Amino acid sequence: MRIDEALALCERLKAVSDTARLDAELLLCHLLNKPRSHLFTRPEALLDEAVVKRFETLMARRETGEPVAHLIGTRDFWTLTLEVSPSTLIPRPDTETLVEAVLQRFTQPGLRVVDLGTGTGAIALALASEHPDWQLVAVDRMPDAVALARRNRDRLQLNNVDILEGSWCEPLQGQYDLIVSNPPYIEPDDPHLQQGDLRFEPHSALVADDQGLSDIRLIADQARGYLVEGGWLIFEHGYNQAEQVQALLSEQGYSQLFTLCDLGDQPRVTGGCYSSSDTQIPVHTEQHTEQQSEQQTTPQTDPQNQQQTGPDDVE
């Protein structure tokens with residue numbers, strides 16, 4: 001079988017994937033250990049019989065909906081390639097909105113930063129790669145996730161990240177300038193849980209009670225005891241939760257609230273400053289694109305703009 005003939009089998013994936021061709025390319029590149037450019041420059045190249053058999057096996061698994069990231073064992077996030085497994089969420093592009101928000105707002109050296117519910121370590125490792133001078137702590141309550149995040153940290157040689165096992169803020173010691181989190185925020189009866197990649201990911205990392213807000217509320221409460229005076233708490237949340245997240249942060253004493261939109265123009269990241277005085281960790285004020293600036297303090301709540309087009313809309 002030739003490379004182009006193998007890629008033509010992507011038609012089989014169109015019932016389960018909006019990116020059937022790309023899925024097939026990634027699977028074949030994984031088996032060949034070649035970049036995608038190799039597929040385009042050598043379409044007539046013959047594949048070994050062993051490669052063809054493994055490719056057909058992976059394609060069959062993908063036809064059942066199994067995520068490409070699980071099939072090849074990695075997912076690119078920010079500028080990093082991360083090992084993934086079924087024990088954690090697969091890092092998604094929408095979560096890069098949170099990373100970008102932090103990097104644009106906070107530039108001072110020596111910050112102490114926490115990532116709660118780290119999973120693969122994606123957020124903490126992305127921030128650590130951009131700021132070797134920051135000291136980061138990543139927390140997850142699942143031993144398998146902690147082990148995975150540590151493997152990613154060690155392989156990437158990001159030695160400014162400590163990875164701890166525990167529930168939210170419980171293992172923390174001392175105080176921090178910034179706490180970030182992509183916690184569970186999907187309602188238990190959300191139909192997206194039975195669709196796409198979410199079917200293969202741990203529900204404990206996806207689902208929260210109280211309209212998906214229970215973990216966000218708990219973290220906002222706990223974080224007040226671990227933030228320095230004027231420290232910041234920033235969440236990723238569901239496309240329709242920005243107004244509620246801003247309200248609960250305000251109720252718990254956070255101010256300077258903001259919300260940013262993701263790549264799909266959905267409200268995705270909300271944060272606030274916790275202070276009993278006028279003290280706050282300084283942030284840059286020219287950190288948004290024009291579109292983001294318009295969304296900064298006014299969460300998007302128009303139901304006509306909240307189209308549910310796939311799993312990333314609830315991620």
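It should be emphasised that the depicted structure is a prediction, and the values quoted were computed from it without experimental measurement. For reference, positions follow the sequence shown, starting with 1. Side chains are part of it too, since the values below use all heavy atoms of this structure and drop only hydrogens, waters and symmetry mates.
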[Y] reachable from [X] in the ILVMFWY side-chain graph, under 4.5 Å edges:
X	Y	result
M142	I186	no
L26	F40	yes
L206	V84	no
I216	L89	yes
I179	L248	yes

Is it the case that more than 12 heavy atoms not belonging to D133 sit under 6.0 Å from its CG atom?
-> yes
Minimum heavy-atom separation for [X] and [Y], please, with both atom names.
X	Y	answer
S181	D115	CA-OD1, 4.4 Å
L158	L125	CD1-O, 3.4 Å
G65	F200	O-CE1, 3.2 Å
A124	L136	O-CD2, 3.7 Å
M1	V52	CB-CG2, 4.0 Å
S17	A20	OG-N, 3.6 Å

For the residue pair F106 and W232, does the interplanar ring angle fall in the parallel (under 30°), tilted (30 to 60°) or perpendicular (over 60°) class?
-> perpendicular
Rounded to the nearest 0.5 Å, what's the gap from [atom1] on [X] to [atom2] on [Y]? Could you check?
X	Y	atom1	atom2	value
R141	S167	CZ	OG	7.0 Å
L80	E130	CG	CD	8.0 Å
Q222	R224	CD	CZ	10.5 Å
T81	R155	OG1	CZ	7.0 Å
D154	N159	CG	CG	7.5 Å

Name of the residue among Q241, Q244, E187 meeting side-chain hydrogen bond (donor to acceptor under 3.5 Å, both in side chains) with Q211 = Q244
Donor-acceptor pair, distance only, cut-off 3.5 Å: does the side chain of [X] make one with the backbone of [Y]?
X	Y	result
R199	L193	no
Q175	Y226	no
D210	L213	no

Does a donor on one side chain and an acceptor on the other come within less than 3.5 Å for [X] and [Y]?
X	Y	answer
Q246	T270	no
W168	D215	yes
D140	T118	no

Which pairs of donor and acceptor atoms, one on a side chain in residues 144-151, lie under 3.5 Å apart (sequence neighbours left out)?
| unit_1 | atom_1 | unit_2 | atom_2 | d |
| --- | --- | --- | --- | --- |
| R150 | NE | I163 | O | 3.3 |
| R150 | NH2 | I163 | O | 2.7 |
| R151 | NE | E83 | OE1 | 3.2 |
| R151 | NE | E83 | OE2 | 3.3 |
| R151 | NH2 | E83 | OE2 | 2.8 |

Check: [Y] and [X] side chains under 4.5 Å, non-hydrogen atoms:
X	Y	value
L22	R36	yes
L58	E66	no
V114	L172	yes
R62	L71	yes

Does the distance from a Lys or Arg side-chain N to an Asp or Glu carboxylate O, for [X] and [Y], drop under 4.0 Å?
X	Y	value
E44	R2	no
R112	D177	no
K14	E11	yes

Per side-chain contact (heavy atoms from CB on, under 4.5 Å), T95 is matched among R268, E100, E236 by E236
Can you spot which of N160, V113, L103, V102 makes a side-chain contact (heavy atoms from CB on, under 4.5 Å) with H131?
-> L103
Does R92 count as lying over the ring of F77, i.e. NZ or CZ under 6.0 Å from the six-ring centre, within 45 degrees of the axis?
-> no
Centroid separation Y254 to Y274 less than 6.0 Å = yes
